[in-house]
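Below is one structure, written out as structure tokens, with a few remarks after it.
Everything quoted here is computed from the prediction, not taken from an experiment.
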Amino acid sequence: MKIIQELPDRYRLVFNLYVLDGYTHKEIATMLDINEGTSKSNLARARMILKGKIDEFSDSFDNKKKYNS
């Protein structure tokens, strides 16, 4: 959850509404007064950022394991 909170507001909001709350892109677009395509794009960017942060964490964890073994 900490990593999600670090997302820029527009990406975090769409991510939370779609993934955690189960809204459709059409519903999110209506709620936020944005295009449906913008909702999809913001979700894709949020996922890309999260993947990058998780990969960084995983790499640093793997490196710590190597040095502690």
Side-chain angles (χ1 to χ4, degrees):
M1 290 303 283
K2 183 179 185 294
I3 295 172
I4 293 171
Q5 294 304 318
E6 293 174 0
L7 287 170
D9 291 341
R10 63 183 175 209
Y11 302 148
R12 185 180 68 246
L13 186 54
V14 171
F15 181 87
N16 287 340
L17 289 170
Y18 187 83
V19 174
L20 303 177
D21 298 332
Y23 288 101
T24 65
H25 286 292
K26 186 174 185 173
E27 292 169 323
I28 294 168
T30 300
M31 283 189 277
L32 302 180
D33 195 27
I34 59 176
N35 292 322
E36 195 172 335
T38 302
S39 176
K40 291 176 183 180
S41 175
N42 286 352
L43 178 62
R45 288 186 180 129
R47 286 179 169 161
M48 189 171 51
I49 292 168
L50 290 172
K51 182 183 180 325
K53 289 183 180 285
I54 290 168
D55 288 346
E56 285 175 22
F57 176 79
S58 177
D59 289 345
S60 89
F61 182 76
D62 288 343
N63 287 336
K64 285 179 184 176
K65 275 179 40 178
K66 284 180 193 175
Y67 295 118
N68 290 331
S69 296

| message | So, taking the atom named CG in Leu20 and the one named CZ in Phe15, what distance separates them when rounded to the nearest 0.5 Å? | response | 6.0 Å

| query | Could you give the distance from CD (Glu36) to OG1 (Thr38), rounded to the nearest 0.5 Å? | reply | 10.0 Å

| note | One should read off an interatomic distance between Leu13 CG and Leu43 CG, to the nearest 0.5 angstrom, of 11.5 Å

| query | In terms of hydrophobic clusters joined by side-chain contacts under 4.5 Å, are Val19 and Ile54 together? | reply | yes

| query | Are Leu32 and Val14 side-chain neighbours, meaning at least one heavy-atom pair lies under 4.5 Å? | reply | yes

| query | Is there a path of hydrophobic side-chain contacts, each under 4.5 Å between heavy atoms of I, L, V, M, F, W or Y residues, that connects Met48 with Phe57? | reply | no

| Leu17 side chain reached by Glu27 side chain, heavy atoms, under 4.5 Å | no

| task | Side-chain contact test, heavy atoms from C-beta onward, threshold under 4.5 Å: evaluate it for Lys2 versus Glu6 and give yes or no. | result | yes

| Side-chain heavy atoms of Arg10 within contact of Ile34, under 4.5 Å | no

| task | State, to 0.1 Å, how close Tyr23 and Tyr18 come at their nearest heavy-atom pair, and which atoms those are. | result | O-CD1, 3.2 Å

| message | Please report the interatomic distance CG(Leu50) to CG(Leu7), rounded to the nearest 0.5 Å. | response | 4.5 Å

| Minimum-distance pair of heavy atoms, taken over all atoms of His25 and Ser39 | ND1-OG, 2.8 Å

| Do you know which two heavy atoms are closest between Ile4 and Arg12, and how far apart they sit? | O-CD, 3.4 Å

| task | First locate atom NZ of Lys40, then atom OG1 of Thr24, and finally report the distance between them rounded to the nearest 0.5 Å. | result | 9.5 Å

